[in-house]
Amino acid sequence: MKRFAFTIAFTLAVTLLVMAVRAGAAQRLLPPTASAGVLDLGEWQVDRDGPVPLAGQWEFYWGELLSPDDFRLGTTPEKSGWFSMPGVWNGASVNSLKLGGVGFATFRLHLRADPRQGKLALLIPYAFTAYKLWIDGRPAITVGRVGKGADTMVPAYRTTVAFIDLQAAGEAELILQISNFMHAKGGMRSPIRLVAASQASILKHRALVMDVVVFGCLLIMSIYHLALFAFRRSDRFNLYFALLCLFFGLRAALTGEVFLVDLLPNLDWQTTVRLEWLCVFTGAPLGIAFVRSLFPGECATGIYQGSLVIGAALALVTLFAPSTVFTGMYPFMTPIIGLMLGYIAWVILKATLRRRFGAVVMLASLLLVIATVINDMLFANDLIQTGYAIPYGMLFFVFSQAMILANRSAIASRGLEATNAAYQMEIKERERAETEVRAYQDRLEDLVRERTDALAVANRRLQQELDERKTAESEKLELQAHLQRAQKMEALGTLAGGVAHDLNNILSGLVGYPDLLLQDLPADSRLRKPLQTILQSGRKAAAIVQDLLTLARRGVADFQALDLNRIVTEYLESPEFEKLIQFHPAVVVTSHLAADLTPVKGSPVHLFKTVMNLVSNAAEAMPDGGKLSIQTANRSIDPGAGDSGAVPDGDYAVLTVQDNGTGISEADLERIFEPFYSKKVMGKSGTGLGMAVVWGTVKDHGGFIDTHSLEGVGTTFTLYFPATREVPKGATAPWSLADHQGHGQTILIVDDVAEQREIAAAMLTKLGYRTETASSGEAAVDHVARRPVDLLLLDMVMDPGIDGLETYRRILAIHPGQKAVIASGYAETARIREAQQLGPAGYLKKPYGLDTLAEAVAALLADHPKK
């Protein structure tokens, strides 16, 4: 625990040090500021020296909404003075009159820069509460509707980008109208930044990604702890912590790039600003409730109840009072929020001194949270210009709490395991002792006679072993080699089987949700590409897990009749092959595929990877170029005719991959199929698993491998796959959501993981089915007994309670012929096959996409009546 606290403190110190270094670096090269309405960049190159905030003195016209035409007429409007941007006009003086937050004004700035910089862009933050911008007399950006009264203006909450082309003289005129009748403060708090046009999209998307990541992490933690609270209502800290994560996640989505407004276009300004300030005002009371639930002995009940009353009152004001009221309350609430934060720190400090579990880590992480809260309080009161930072501090705090919970769970688990092991050992020792005593009592004379006979047999065996020692000594080395290979494969199998179930469950979210969201996104949505990237990453991760299972010979292979020529052709036309040729342009690849090649029965995915690994290794064996040949042929093995006895007799489809590369030495040739054995640079050109996967795939398909290689001459791999009389299926039509729509059939989703039930329910609902859920096998049996369903989507591995096989067996006893789709991310298949033999059941491997789920369900419900 002390080491864990030290790690948190060290991380916090490094974070603060990096922030200090960045601040110092920023001060060494400061961009110019505007003076008297002119910003002269001089020698400043935006693409070289970085973005420039349009800060400094702008021309200020209070109570005027001026357009470029007003400045082009004969008389120039009279200025109200100079205004320091960015800033709010609250407290500014115009004609000895101190301004409030409500009103409207026009700002003007002349920009001078080197015209050779090319096209530039303006990154414009949100203003209070509507604005319109002209660049060189042309309307550029309008957010909301600018007006001279509350009845004529429309507020909006959005960041934008505007592009600017400098004139030949390198000058540009900016005219900005801002009106506010909805917020307590008027103006633009954050600066408009001038950047290179090529960097505008990158900078905006980078900030957007950071906000989305923070929001996503906090939202996931909120959902997770709400689920924990739903299962265990006595742990109130889960509820408070979930609400904290939710509120600060929403605040991250409503500040910065305000991406929630872009995600929900119909979200009006009033709702947006109320949500933001609700998160601000309720954060501190929820923090007190959270620490009290963890350390009730250190937190006074009166202060806790008082903070809840204050939080409830502020929430009611935020929800029902005019926006100008609650947005102007922050200066008065700042001391109260500061006192609440101080009391939270005091409670955690007392818990630390009393050595409460997790208090040290919480105190260390709270320092950063308090620092970000102070930053936001100063920024909200216009004392600094840093921006909002609470969501990032809260994200750090969330992860530290997750580590505390994980540590607590690990300690409890280790204690339980140790106690259980001790009890089991004691029980076994007592049972063994009792059995031995009874055996000795009942068979004492027989035991003596058996021992005597055994001694005589042992003497004879000893003599025989002395005679066979020389033979056994030579076989020992071979057995040790086999044992080492078996141990490697067993270790890998244990690893693959152990992680496959949990990892595939985790990957279901990365595969299922993007697949589902892409169905509803328009083709031109800017979220489509990130979602497709997430989907592809999830599928690649699932493929890596499947590779491990294949290597361990525990994978679930989908065997079907197929044409080996088609597998080779698909690889030669694949992006993987094109990428390989780009890295090895001097390698010439030729193919000679038998036209009458007999079909084989196997897994297309695994055979595709086998061809890919063999061709990739052959290409890498020819760094200076060479010839690589891929051939297929029919071959009948007849030992009586003098064929090789290494391959049993029969008909085979043969795949041969031949190169004239560097070859393989005799010593290496004996070990090329061992896992993790490679002559390549690990992590760059190989992992040592490729040929082991080839060996596992061929063995799983009942085939054989013949390898010939000479150093300096080349290598030939010949793979024999048993032929089959089954006819391969033709190419399937492209998958379409419309072709796989359900008709309101009821499907019961049975899974012990809440996220899995949610993903499956969302997919099946999208496909037109009615869904119901059960979190355990026992709950599913009870559900079906009360209300039959058309189909089960049944997880195989559920803990605690009965697994999918026993669940299906009990349901069939109630409803014979019940249809089911067995879903599993685990490697073992024996219980899955047993479940499929019980009744009409299909199989679906996790993680699955919308298309594979639709096909699996449709295959079983094809003859089911429509509802």
- Ile344 and Ile288: CA distance, side-chain angles, deciding distance, side-chain contact (heavy atoms from CB on, under 4.5 Å) verdict: CA-CA 6 Å; Ile344 292 173; Ile288 293 179; 3.6 Å; yes
Atom [atom1] of [X] and atom [atom2] of [Y]: how far apart are they, to the nearest 0.5 Å?
X	Y	atom1	atom2	result
Ile223	Leu228	CD1	CG	12.0 Å
Arg193	Leu54	CZ	CG	10.5 Å
Leu286	Cys245	CG	SG	10.5 Å
Trp134	Gln177	CH2	CD	3.5 Å
Met329	Thr334	CE	OG1	10.5 Å
Leu208	Ser201	CG	OG	10.0 Å

Determine whether [X] and [Y] make a side-chain contact, defined as any pair of heavy atoms from C-beta on separated by less than 4.5 Å.
X	Y	answer
Leu111	Leu41	yes
Val273	Phe326	yes
Pro51	Leu203	yes
Met763	Tyr848	yes
Val209	Arg206	no
Leu239	Leu226	yes
Leu243	Thr282	no
Ile164	Leu174	yes

Look only at the side chain of [X] and the backbone of [Y], and say whether a donor-acceptor pair between them is shorter than 3.5 Å.
X	Y	result
Asp49	Pro31	no
Ser222	Leu218	no
Trp89	Gly101	yes
Asp114	Trp44	no
Thr327	Ala184	yes
Ser323	Met182	yes
Arg274	Ala321	yes
Ser525	Pro522	no

- Message: Quick one, Asp136 with Asp165, criterion side-chain contact (heavy atoms from CB on, under 4.5 Å). Give me CA distance, side-chain angles, the key distance, then yes/no.
- Response: CA-CA 9 Å; Asp136 287 331; Asp165 287 318; over 6 Å; no
- Task: With sequence neighbours excluded, tell me which residues meet salt bridge (charged side-chain N to carboxylate O under 4.0 Å, His left out) with Asp262.
- Result: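 For Asp262 the salt bridge (charged side-chain N to carboxylate O under 4.0 Å, His left out) partners, ignoring immediate neighbours, are Arg526.
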- Hey, mind stepping through Val280 and Arg251 against side-chain contact (heavy atoms from CB on, under 4.5 Å) and telling me if it holds? CA-CA 8 Å; Val280 172; Arg251 194 159 186 269; 3.1 Å; yes
- Qualifying residue, where the test is side-chain contact (heavy atoms from CB on, under 4.5 Å) with Val88 and the options are Met188, Lys185, His183: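 Running side-chain contact (heavy atoms from CB on, under 4.5 Å) over Met188, Lys185, His183 with Val88 returns exactly one hit, Lys185.
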Looking only at heavy atoms, which two atoms of [X] and [Y] are closest? And how far apart?
X	Y	result
Leu39	Leu109	N-CD1, 3.9 Å
Leu120	Ala196	CD2-CA, 4.2 Å
Ile192	Leu176	CD1-CD2, 4.4 Å
Arg189	Pro86	O-CB, 3.1 Å
Ala284	Met340	CB-SD, 3.5 Å
Thr159	Pro125	CG2-CA, 4.0 Å

- Message: Between Tyr126 and Thr272, do the side chains contain a donor N or O and an acceptor N or O under 3.5 Å apart?
- Response: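 The criterion, which ignores hydrogens and geometry beyond distance, is not satisfied for Tyr126 and Thr272.
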- Query: Name the one of Tyr240, Phe241, Phe295 that satisfies ring pair (Phe, Tyr, Trp, His ring centres under 6.0 Å) with Phe290?
  - Reply: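 Only match with Phe290 under ring pair (Phe, Tyr, Trp, His ring centres under 6.0 Å): Phe241.
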- Message: Apply side-chain contact (heavy atoms from CB on, under 4.5 Å) to residues Thr160 and Leu133 and explain how you reach the verdict.
- Response: CA-CA 11 Å; Thr160 56; Leu133 175 68; over 6 Å; no
- Residues in ring-ring contact (aromatic ring centres under 6.0 Å, His included) contact with Phe215, at least two apart in sequence or another chain: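 Result, ring-ring contact (aromatic ring centres under 6.0 Å, His included) vs Phe215: Phe259.
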